[in-house]
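Note that these values count all heavy atoms, side chains included, but never hydrogens, waters or copies made by symmetry. Letters A, B, ... are given to chains in the order of the sequence lines, protein chains preceding strands, and every chain is numbered from 1. Not measured: the values here are computed from a predicted model.
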Amino acid sequence: MARKSWMYSVLEAVQYEMRQDKNMTWIFELTPPVASNPGKPVINLETEFGRSRVVNTGIDEMWMAGCVLGSGLAGSKSVTYIPYQGNCMCFQMIQNHAGKLRHMTGGDAEMPVVFILEMTGQSPGFAGQHSDYEIDTYYAHIPGVKTVIPSTPTDAKGMMVSAIRDPNPIVYLYPAGLRSLVEDVPDEQYETPLDKAAVRIEGGDITIVGSGGSMPEVMKAAEQLQQEGAGVEAIDLRSLKPMDTETLVNSVQKTKRLLTVDQSYYTLCPGAEVIARVAENVDGARFKRIAFPDAPPPASPEMFLWMRPNADHVVAAARKLLD
Amino acid sequence: MARKSWMYSVLEAVQYEMRQDKNMTWIFELTPPVASNPGKPVINLETEFGRSRVVNTGIDEMWMAGCVLGSGLAGSKSVTYIPYQGNCMCFQMIQNHAGKLRHMTGGDAEMPVVFILEMTGQSPGFAGQHSDYEIDTYYAHIPGVKTVIPSTPTDAKGMMVSAIRDPNPIVYLYPAGLRSLVEDVPDEQYETPLDKAAVRIEGGDITIVGSGGSMPEVMKAAEQLQQEGAGVEAIDLRSLKPMDTETLVNSVQKTKRLLTVDQSYYTLCPGAEVIARVAENVDGARFKRIAFPDAPPPASPEMFLWMRPNADHVVAAARKLLD
Amino acid sequence: MSENIKFSPETTDTSQTPSTTRRTFLKAFAGAGAAVSLSGKLAWANGEIGFWAKDLPPEKLTEMFSTMLRIRWFERTMVDKMLTEPGYRGYNHFYPGQEAVAVGVCSALNNTGAFEDVDLIYSTHRPSGHAIAKGVDIKKMAAEYDFRATGLNKGYAAEMHIADKSVGFMGADGMIGPGPVMAAGSAFAIKARGSKQVVVNFGGDGTYATPAFHGALNNAALLKLPFIYVLENNLYHQYAHYSYSCPMKDIAEAAGPYGIPGVVVDGQDVLQVYNAAKEAVDRARAGQGPTLIEAKTYRYYNHWGAPGAKPGVLGAFGYDPLAITSFRPEREVRAWLARDPIDIFRKTLVNWEVMDQAKADETEAAVKQEAIDAFAWADEQPLCDPEHGVKNVFVEGTVPARQLA
Amino acid sequence: MSENIKFSPETTDTSQTPSTTRRTFLKAFAGAGAAVSLSGKLAWANGEIGFWAKDLPPEKLTEMFSTMLRIRWFERTMVDKMLTEPGYRGYNHFYPGQEAVAVGVCSALNNTGAFEDVDLIYSTHRPSGHAIAKGVDIKKMAAEYDFRATGLNKGYAAEMHIADKSVGFMGADGMIGPGPVMAAGSAFAIKARGSKQVVVNFGGDGTYATPAFHGALNNAALLKLPFIYVLENNLYHQYAHYSYSCPMKDIAEAAGPYGIPGVVVDGQDVLQVYNAAKEAVDRARAGQGPTLIEAKTYRYYNHWGAPGAKPGVLGAFGYDPLAITSFRPEREVRAWLARDPIDIFRKTLVNWEVMDQAKADETEAAVKQEAIDAFAWADEQPLCDPEHGVKNVFVEGTVPARQLA
Ligand SMILES: Cc1ncc(C[n+]2csc(CCOP(=O)(O)OP(=O)(O)O)c2C)c(N)n1
Ligand SMILES: Cc1ncc(C[n+]2csc(CCOP(=O)(O)OP(=O)(O)O)c2C)c(N)n1
Ligand SMILES: [Mg+2]
Ligand SMILES: [Mg+2]
């Protein structure tokens with residue numbers, strides 16, 4: 001156990017698995033699979049495993065996704081790290097091939113592969129294509145892939161281990177805004193389930209559900225609401241598909257109030273699915289949802305920061321539900 | 001007014017607009033813009049307007065979408081008809097460019113373009129990539145494009161007229177399973193709004209909401225339920241984005257029961273958004289949702305037809321809500 | 001740098017060089033990654049078949065002949081079924097006319113053994129020929145095409161998504177474009193793990209215009225992958241002539257900038273195809289990287305199904321379903337039927353005394369019966385259990401049946 | 001069929017042909033869609049600048065010189081601001097080192113008039129040079145880069161998405177790949193409506209590997225569009241040398257199979273670039289279709305922002321942010337600085353007696369002041385109203401503020 005950054009935690013998981021499995025490969029583009037951490041050896045997958053197994057490519061994310069998919073089909077575990085700028089360039093490959101090949105072939109096709117899809121860090125100032133946070137929905141609607149989104153370094157590592165060991169294609173979303181998180185993360189390999197939401201705080205008055213990039217603000221807001229005396233149950237979805245309906249329903253059975261928080265665009269954001277699942281199963285509850293407006297993120301920090309859901313927005317919405 | 005097929009109605013709209021605007025172009029791939037209808041002149045856009053304005057291309061749907069987008073940016077109205085096999089090949093072009101350019105440039109970019117995205121006919125027997133009905137969600141989550149989906153030849157024509165005249169980029173979804181519909185369609189040009197749901201049947205006991213390919217089954221089920229004595233309000237969304245929250249909320253205020261029906265995969269299907277919007281605004285209602293399971297469509301007609309939501313499924317679900 | 005050798009059906013080689021000398025010449029020639037081919041008339045007489053093919057043992061040649069016939073009769077039996085049995089539900093993108101390509105290529109591959117040893121092929125929406133040439137069982141295919149629970153892929157696939165890993169048949173794919181990228185990805189994994197396998201991607205002339213074409217070739221070239229792109233140029237993608245989507249006459253030219261061999265081959269001559277494939281396979285196995293092979297060929301039927309065909313008659317004629325921009329002329333179909341790959345190969349085999357005419361007929365009759373039996377067997381197979389539709393989404397379990405509230 | 005002429009910095013043309021004869025020669029040469037270029041030493045002395053450039057009036061040459069300086073000083077002023085003002089929020093993908101490409105190309109275009117007449121350019125994530133060369137106002141750019149409400153795009157764009165239709169600057173785009181496809185689409189519309197405009201797409205060496213590269217060139221070639229792809233090969237895409245993503249030395253070679261001219265040009269010599277662009281523009285306007293121009297060039301700064309740079313010093317050195325696979329050597333930066341496009345052009349202008357050294361210095365000082373004033377003006381501009389973020393999504397109205405419950 002040591003304090004570790006997000007990327008160090010993830011590459012630790014990958015390094016271990018690549019040492020076990022001599023056939024496993026890693027495809028990257030801009031970001032070399034390198035991480036350092038105080039008091040720990042530098043991890044550099046490229047130099048450790050060599051350029052036949054760890055290779056960068058030109059700006060062709062369709063190739064990156066197709067390459068790991070083809071590797072998986074040919075019997076090798078494979079992972080790719082696709083930068084956020086290309087996270088929709090590979091969309092069709094995952095939607096129409098990774099997601100369907102197993103079923104379409106009656107189980108003949110095997111795809112033990114992981115698509116790490118970076119999402120933007122959502123820093124103010126970048127606008128449109130470099131601050132957008134939207135692909136959670138696109139990828140969670142695809143059948144046949146598991147779409148997961150960790151929000152802590154500990155989960156990032158455990159879910160990476162599970163993703164690599166899972167025989168199914170996994171879309172592993174990585175909101176790069178979380179790259180600055182540091183926490184105690186175990187050194188050994190451990191698996192974190194790919195189908196279970198995490199109840200981060202228990203409480204009886206209101207359920208607040210977020211995922212990935214919205215979790216830090218959800219947690220901040222939950223603390224503030226607790227200080228105001230409200231019993232907040234804060235849930236981190238972690239897996240968008242399959243979605244852990246049971247945990248969600250059990251919570252709202254108890255609280256009768258559900259607030260969802262997304263950085264994704266409002267229309268058809270993951271929160272819509274959360275509300276729909278709960279509304280189908282819990283009578284008499286009340287619902288609210290906040291999300292990024294149905295507008296691309298503008299460059300101006302003034303505009304962007306006003307639009308991006310933050311702890312204040314969460315608190316204000318929760319108060320309305322609690323009234 | 002004459003009885004017309006879907007495609008004839010649409011091409012009538014396009015032909016008229018292309019005659020008005022000498023700069024307007026049409027890009028196609030497999031399906032030549034040709035339609036015939038009993039008692040009517042054959043419409044053939046390619047021969048009428050010539051191959052400089054109406055042109056087919058190779059199998060490159062990114063080009064098709066980029067070509068109309070670039071045409072619009074350069075000041076020409078343009079429409080493309082993308083076959084269902086390619087309706088995600090062009091995804092990134094619409095998501096990251098058509099949807100964002102106007103906002104990212106502070107209004108400088110103008111895109112008076114229409115992307116007709118064919119969805120499969122969902123005939124049994126084709127499996128995976130040729131029976132899937134899923135893109136409604138992908139495209140409705142994109143900001144900056146209006147995503148519409150007519151379900152009758154009359155709406156198909158009116159919404160095509162509106163789409164061409166709208167200065168914004170429009171994703172015009174076309175569920176090819178509806179191509180066999182024939183009805184009386186006016187000969188003259190008329191506009192059908194791109195932001196209004198249609199209440200197809202009024203009733204006070206239960207609201208059933210569908211769109212596009214699910215509407216024929218919704219209507220069939222509604223008739224049967226009416227015969228059983230239930231007051232069904234059947235709503236056709238028509239526009240997925242912007243979604244007409246007001247019509248939905250008003251209806252469920254009255255009926256207190258909402259059933260959504262989608263051919264799209266369950267998780268994050270349009271019905272999830274419908275339920276979430278209503279649940280945020282109507283207290284004490286009950287909700288149900290049916291949709292295609294989170295599985296690719298299998299080839300076997302036995303499997304596929306069991307999975308595809310039909311009128312019987314709708315009736316059964318409605319009965320449960322009405323109980 | 002690339003070596004493009006043009007195939008021109010008009011050329012006639014009048015050289016009478018004895019075959020051993022010719023072999024030396026061809027070896028040098030083929031060393032440059034090229035294969036030449038001539039017209040439809042008996043190739044061997046002019047000596048241009050090449051040395052590899054001539055060295056093949058009679059059993060191998062006979063097997064290649066049988067395989068071509070198996071494809072032909074699997075397809076013809078199915079065409080007739082579609083035309084004569086109104087209740088028959090199967091469909092197909094028929095392959096006849098192109099048999100020499102699938103068989104020529106797959107005969108140069110390793111088709112048996114463990115999954116870690118067998119060569120892999122990726123197919124298209126027109127998979128029957130590739131599958132049969134790779135060794136897929138036609139009974140199971142016939143059952144799959146008719147959505148039977150005991151079909152090759154348990155009724156999930158139908159024609160457009162059949163796959164059979166056990167013989168390295170990685171699957172048909174209904175999309176045009178991504179297949180080659182995945183295939184190159186498999187070649188990447190194979191190189192990374194140090195295996196000697198090679199990967200062949202079959203793709204039509206239609207694949208040329210897809211954005212993926214560039215990605216597959218560029219990355220295969222950069223990483224020197226054991227990857228062979230067999231581009232079956234049957235002149236049309238759906239109903240459009242390839243000149244609508246490709247600015248060059250020989251698509252093999254596209255190999256040039258990538259610095260890989262681009263080879264044009266007569267796709268009606270199985271031995272020419274075999275030679276080109278053998279070169280490419282040897283290169284790939286030796287770590288020398290990818291090859292683009294363009295096989296000039298033709299499909300006798302229309303793009304899809306049996307429209308324009310008559311029971312018992314080979315090919316489809318005169319059917320124009322829409323006001324198509326460029327529909328193929330019937331004379332073109334007849335001209336290509338006159339260069340039938342099975343006829344061409346049969347003549348060569350008889351000429352080489354690998355078999356006589358009677359033996360050839362006997363072989364054909366046996367294969368035809370095998371096809372008829374396969375479809376008859378398929379007809380008896382059970383239909384699928386509807387509820388299995390929610391299985392096989394993931395390796396484990398089922399997904400919920402969301403059509404039921 | 002394509003005509004590829006190689007640019008080799010080592011070649012020296014020793015011919016002493018007088019310039020009129022040379023002009024005839026070059027005309028014939030250029031008729032084949034080609035431009036040649038030599039080393040960094042004074043080009044005119046050897047006569048290889050070409051006839052178009054020599055015919056340019058002094059005012060035009062002076063304007064080109066000013067524009068190059070405007071780019072240089074806009075960027076240098078901003079670099080220094082980033083390095084010295086901790087509160088400054090703007091950022092940039094700096095263009096210095098490449099000025100000759102933007103200015104050489106845009107000088108061959110029609111940059112004023114109605115939107116139906118002006119030539120269009122599509123830019124990239126590295127847009128300052130293209131924008132300024134096309135005539136965009138630098139005050140408004142400076143304000144936009146600092147997110148001001150009165151900026152070129154009202155603060156919505158920042159650097160990576162600036163656009164100014166009024167001068168045919170169709171916009172920067174933060175994505176690599178789709179731009180060329182849209183640009184070719186604009187060329188399609190232009191051809192369809194019979195306008196004489198041409199469309200230029202700027203793209204880096206990084207664009208070569210994108211799937212869109214194939215689609216843009218293939219469709220432009222097939223439809224003979226008035227489209228020019230200016231590929232600025234500055235050797236790196238982000239931190240990777242182009243040899244990691246491209247198997248050929250001259251990316252212009254990729255034009256070959258499409259049957260369009262592929263021209264290599266010295267991107268440090270604005271007159272060579274102008275000549276190549278002029279040829280391509282003339283071809284395009286005459287309906288002869290697209291051209292691919294590869295300009296060999298270099299960026300003095302790192303991929304993004306000012307790391308490794310010092311205030312008042314041109315270029316960035318020795319900064320390796322990560323354990324990068326191939327980080328550029330500092331010696332390489334210094335070697336390219338020694339062939340500075342502004343120095344090269346200044347020497348030519350002095351030699352041609354278009355201006356003397358004093359006038360050149362004066363011009364530079366004035367332009368530098370203009371840049372300083374632009375950023376000073378920008379500093380005074382109002383910030384954006386937060387609530388405007390939900391405007392400009394559609395032509396009409398606003399979208400709801402969904403962050404508020
Ligand atoms: C991305 C995509 N767009 C369109 C189609 C529709 N389509 C199916 S087959 C085909 C033609 C393919 O032509 P070619 O590659 O030459 O193969 P052939 O049919 O001649 O064997 C097309 C356009 C598709 N399957 N995928
Ligand atoms: C599709 C996509 N993938 C990745 C990126 C990240 N990215 C931004 S600039 C760049 C390098 C571009 O290199 P090049 O085209 O040579 O232009 P240069 O920066 O040298 O001007 C990359 C990879 C992107 N913007 N878009
Ligand atoms: Mg073809
Ligand atoms: Mg570059």
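Of residues 83-94 of chain A, those residues with a non-hydrogen atom less than 4.5 Å from any non-hydrogen atom of chain D are, in numerical order, A/Gln85, A/Met89. Using a 4.5 Å heavy-atom cut-off against chain D, the contacting residues of residues 299-312 of chain A are A/Ala299, A/Ser300, A/Pro301, A/Glu302, A/Met303, A/Trp306, A/Met307, A/Pro309. Residues of residues 85-93 of chain D lying under 4.5 angstrom from chain A, judged on non-hydrogen atoms, are D/Arg89, D/Tyr91 in numerical order. Within residues 257-273 of chain A, the residues approaching chain D closer than 4.5 Å by heavy atoms are, in numerical order, A/Tyr266.
Between the CD atom of A/Glu48 and the CH2 atom of A/Trp26 there is a distance of 13.0 Å, given to the nearest 0.5 Å. Note that CD of D/Gln238 and CG of A/Asn56 are 11.5 Å apart. Values are rounded to the nearest 0.5 Å. With rounding to the nearest 0.5 angstrom, the CD1 atom of A/Ile59 is 5.0 Å from the CD1 atom of D/Ile176. Going from atom CG of A/Asp205 over to atom NZ of A/Lys256 covers 14.0 Å, rounded to the nearest 0.5 Å. A distance of 8.5 Å separates NE2 in D/His241 from CG in D/Asp205, rounded to the nearest 0.5 Å. One distance of note links CD of D/Glu144 with NZ of D/Lys154; it measures 10.0 Å at 0.5 Å rounding.
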Tell me, with the steps shown, if A/Thr255 and A/Glu233 meet side chain to side chain donor-acceptor pair (under 3.5 Å). CA-CA 8 Å; A/Thr255 63; A/Glu233 183 133 314; over 6 Å; no
Tell me, with the steps shown, if D/Asp379 and D/Lys81 meet salt bridge (Lys or Arg N to Asp or Glu O under 4.0 Å). CA-CA 11 Å; D/Asp379 281 346; D/Lys81 231 174 144 65; 2.7 Å; yes
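Looking at D/Tyr156, its side chain does come within 3.5 Å of a backbone N or O of D/His388 through a donor-acceptor pair. Remark: side-chain polar atoms of A/Thr80 are paired, donor with acceptor, to backbone N or O of A/Ile27 under 3.5 angstrom. Side chain of A/Lys320 to main chain of D/Ala405: a donor-acceptor pair is present (N/O by atom type, distance under 3.5 Å, no hydrogens or angles). No side-chain donor-acceptor contact under 3.5 Å links D/Arg126 to the backbone of D/Arg299. The main-chain N or O of D/Gly151 is never found under 3.5 Å from a side-chain atom of D/Gln381 such that the two would form a donor-acceptor pair. Of the possible polar contacts, one joining the D/Asp137 side chain to the D/Lys140 backbone as a donor-acceptor pair under 3.5 Å is found. One N or O on the side chain of D/Asn233 and one on the backbone of D/Leu235 form a donor-acceptor pair closer than 3.5 Å.
Between chain A and the options D/Asp173, D/Asn153, D/Asn392, D/Asp385, heavy-atom pairs under 4.5 Å are most frequent for D/Asp173. Ranking A/Ala318, A/Ala127, A/Ser36, A/Gly125 against chain D, the residue ahead of the rest is A/Gly125, based on heavy-atom pairs under 4.5 Å. Across D/Gly206, D/Ala401, D/Ala157, D/Pro211, the residue that shares the most heavy-atom pairs under 4.5 angstrom with chain A is D/Pro211. Between chain A and the options D/Gly155, D/Ser245, D/Ala158, the largest number of non-hydrogen pairs under 4.5 Å is found for D/Gly155. The residue among A/Arg289, A/Lys288, A/His130 with the most heavy atom pairs within less than 4.5 Å of chain D is A/His130.
A ring-centre distance under 6.0 Å is not found for A/Phe292 and A/His313.
Residues A/Phe28 and A/Ile116 form no side-chain contact, since every pair of their non-hydrogen atoms from C-beta on lies 4.5 Å or further apart. Contact annotation: the side chain of A/Met7 never approaches that of A/Asn37 to less than 4.5 Å [non-hydrogen atoms, C-beta and beyond].
Interface remark: D/Met175 contributes backbone and side-chain atoms alike to the contact with chain A (heavy atom separation under 4.5 Å). Heavy-atom distances place no part of D/Lys391 under 4.5 Å from chain A, backbone and side chain included. When heavy atoms are compared at a cutoff of 4.5 Å, D/Glu159 does not approach chain A at all.
Using a 30° and 60° split on the angle between ring planes, D/Tyr239 and D/His303 fall in the perpendicular class, above 60°. Ring pair D/Tyr229/D/Phe213 is perpendicular by interplanar angle, where above 60° counts as perpendicular and below 30° as parallel.
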